[in-house]
Amino acid sequence: MPSDRRFWLFKSEPGSFSFADLKSRPGGIEPWDGVRNFQARNFLRDQVRVGDGVLFYHSSIPRPAVVGIARVARAGYPDPTAWDPTSRHFDPRSTPALPGWFMVDVQYERTFVHEVPLDELKHHPELAGMVLLQRSRLSVQPVTAAEWSFILRLGGIAPESI
DNA sequence: GCCAACGTTGGC
DNA sequence: GCCAACGTTGGC
């Protein structure tokens, strides 16, 4: 594993797009479009790199949880749904010449042996600094290497096996 | 379904 | 540039 690998947490409502949906995609790859928050956009455009680790989080369900991991298959590129008038993510301020929104591709990697629910994340002092617990609404957020390894172990995955 | 948190918009 | 209004997210 490259030492400069970064880690992220991506949120998705499983009713719209679930981790099982990701797994079933050809090659396990999904274009992560439609992000319309400036802070998340900046991460996608400037910080997220190929090979980075992604915690896949299911939100807006009775038991929100990290359910598995993915990796970044393609780094930031312009999100074409922004200039598609038929898209629910259409934004007329963004054009192919001057794109306003960015996306990455993610690829399925491993399903956790045990889901790690939000309630459990909250109860580990090691995770008290997680962005998820402080700015819960951010849909793409950084995770530290220590948080990554800790959460993988909670999920039943040996971090050194990834 | 409620509502708190908070990001975004727009009037001034 | 401030800030009130508004819209959205997401836990519960």
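Below, chain A is the first sequence line, B the second, and so on; all start at residue 1.
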Task: Shared-cluster residues of A:F38, by chain and number - hydrophobic side chains joined below 4.5 Å - done: A:W101
TODO: Taking ring-ring contact (aromatic ring centres under 6.0 Å, His included) as the test, write out the residues that go with A:F19, two or more places apart.
DONE: A:F56, A:Y108
Task: Nucleotide C:dT9, atom C1' - distance to CG of A:L133 in whole Å - done: 16 Å
Task: Between C:dT8 (C1') and A:D91 (CG): distance, integer Å - done: 16 Å
Under 3.5 Å, which N/O atoms of the protein pair with N/O atoms of nucleotides 10-12 of chain C?
unit_1 : atom_1 : unit_2 : atom_2 : d
C:dG10 : OP1    : A:K11  : NZ     : 2.3
C:dG10 : OP1    : A:R137 : O      : 3.1
C:dG11 : OP1    : A:Y57  : OH     : 2.7
C:dG11 : OP2    : A:S60  : N      : 3.0
C:dC12 : OP1    : A:K122 : NZ     : 2.4

- [ ] State which residues pass salt bridge (charged side-chain N to carboxylate O under 4.0 Å, His left out) with A:D21; sequence neighbours excluded, sorted by chain then number.
- [x] none
- [ ] State which residues pass side chain to side chain donor-acceptor pair (under 3.5 Å) with A:E126; sequence neighbours excluded, sorted by chain then number.
- [x] none
- [ ] Measure from CD on A:Q141 to P on C:dT9 and round the result to the nearest Å.
- [x] 15 Å
TODO: State, with a plain yes or no, whether a side-chain heavy atom of A:L132 is found less than 4.5 Å away from one of A:L118.
DONE: yes
Open item on the list: For DNA chain B, which residues of residues 35-42 of chain A approach it to below 4.0 angstrom with any heavy atom?
Closed with: A:N37, A:F38
Open item on the list: Regarding A:R93, tell me which of base, sugar-phosphate or nothing describes its non-hydrogen contacts under 4.0 Å with the strands shown.
Closed with: sugar-phosphate
- [ ] With sequence neighbours excluded, give me every side chain to side chain donor-acceptor pair (under 3.5 Å) pair touching residues 52-61 of chain A.
- [x] A:W8-A:D52
- [ ] Kindly write out the residues that satisfy ring-ring contact (aromatic ring centres under 6.0 Å, His included) with A:F90, not counting sequence neighbours, or none if the list is empty.
- [x] none
- [ ] Can you run down the salt bridge (charged side-chain N to carboxylate O under 4.0 Å, His left out) pairs that involve residues 61-82 of chain A, sequence neighbours left out, and say none if there aren't any?
- [x] A:R36-A:D79, A:R63-A:E115, A:R71-A:E109
